[in-house]
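To keep things clear, I will list the structure first and then write my remarks on it.
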Amino acid sequence: MKRIGLLTSGGDCQALNATMRGVVKGLFNNLDELEVYGFDDGYKGLIYGNYRMLSEKDFSGILTRGGTILGTSRQPFKLMRVPDEKGLDKVEAMKQTYYKLRLDCLVILGGNGTQKTANLLREEGLNVLHLPKTIDNDIWGTDMTFGFQSAVDIATDAIDCIHTTAASHSRVFIVEVMGHKVGWLTLHAGIAGGADIILIPEIPYDIKKIAEAVRNRNRAGKGFTILAVAEGAISKEDAALPKKEMKKKLEEYQKIYPSVAYKLEAELKNELDLDIRITIPGHMQRGGSPCPYDRVLSTRLGSAAAGLILKGEYGYMVGIVNGKVKKVPLEECAGKLKTVAPDDQLVKAAKRIGISFGD
Ligand code: F6P
């Protein structure tokens, strides 16, 4: 007999349901008795005791369904130790819910912040497993997060669509891609979509270099240019500022521009006398069905988590390293960000074929 709790926390993505299905089917098929409790809206459900018992049936037919059947919310890690508006100790409340339900393990699906809280609960003595979710692919200790490839597909489709219209009108197009503070999504979608310029936070840009790359294309008779720009892209000048000043500067930009694409447009207008347009696929990148790659990845990770629960092994993130499923101790990975190295093979490959990074 096992009792497990499930929760999905942070921004959603396409393969949350597929991953939970992997966990639960992996347990139901190998145990005579299992109780599964699903917490509503992430850690909020665990804090306030909002949960429901789920049956095997609840996990049928959800492999292809995007979003999360449990709901999700953002509960910032840095506020976890701060009592809520009624003075409730959130960490204590989560522990109480866990003990009340006599859980053997809490399976937590989420990104970096979610993982930090999972590690905190582990330190508090709870049995936890973390499954790495995010379209940003920025979780340290796993080569791949579920959701990422589905988002790459959508962002690539967006760039593909822009190609035809950009070419017809001989325009410069800025396609802004999600990814939070890292450039994985933009790098992959940019290459897959044949973008001419890729801007990512890890490689700060020089606007003059970008303008030069556009001019070079025009000189070569290519009347249009597509820029795949990460939402966290930053200029060389800003990146060189001390941390505090940089933060202030970025806050100032937020008051002037709706997002980085608009700042870049304004900067490029000073350099080029060309028609510039902006496209932002936004949350579309997190929506819809998981792609086949993610369905397989989620099944592998979910099923591996079930395997650990069956053996009573807790305190890990279940990730993928060099193509193999790997359990990574939470104390090793929590709080670390996986960024794109400026000399990553993929960056080098892109540069070799003439893609500019504006550096
Ligand atoms: O972490 C996933 C992500 O989609 C980021 O790429 C993006 O910066 C952020 O979430 C958007 O968050 P929200 O859905 O809260 O606007």
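Whatever order the structure lists them in is the order used to number ligands and atoms, beginning at 1.
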| request: Measure centre to centre between the rings of F173 and H163, then say whether the value is under 6.0 Å. | output: no
| query | Does the side chain of S73 come under 3.5 Å of the side chain of Q75 through a donor N or O and an acceptor N or O? | reply | yes
| What protein heavy atom sits nearest atom 15 (O) of ligand 1, and how far off is it? | R74 NE, 3.0 Å
| query | Mind checking what makes side chain to side chain donor-acceptor pair (under 3.5 Å) contact with N17, not counting sequence neighbours? | reply | none
| query | Which bit of L185 is near ligand 1, meaning a heavy atom under 4.0 Å away: side chain, backbone, both or neither? | reply | neither
| message | For a quick check under 3.5 Å, do K90 and Y48 share a side-chain donor-acceptor pair by atom type? | response | no
| field | Element-labelled atoms of ligand 1 that are located less than 4.0 Å from some non-hydrogen atom of H283 | value | 13 (P), 14 (O), 16 (O)
| What do you reckon, does G179 have a nitrogen or oxygen under 3.5 Å from a nitrogen or oxygen of ligand 1? | yes
| note | The answer for which part of Q285 has a heavy atom under 4.0 Å from ligand 1 is neither
| request: Considering heavy atoms of the protein only, find what lies nearest to atom 1 (O) of ligand 1 and give residue, atom and distance to 0.1 Å. | output: D136 OD2, 2.7 Å
| field | Single hit among E124, E92, E123 for salt bridge (Lys or Arg N to Asp or Glu O under 4.0 Å) with R81 | value | E124
| field | Protein heavy atom at shortest distance from atom 4 (O) of ligand 1 | value | R286 NH1, 2.9 Å
| said: Between E267 and Y262 (side chain of the first, backbone of the second, donor and acceptor by atom type, cut-off under 3.5 Å), is there such a pair? | reply: no
| query | At a 4.0 Å threshold, what atoms of ligand 1 neighbour a non-hydrogen atom of E231? | reply | 5 (C), 6 (O), 7 (C), 8 (O)
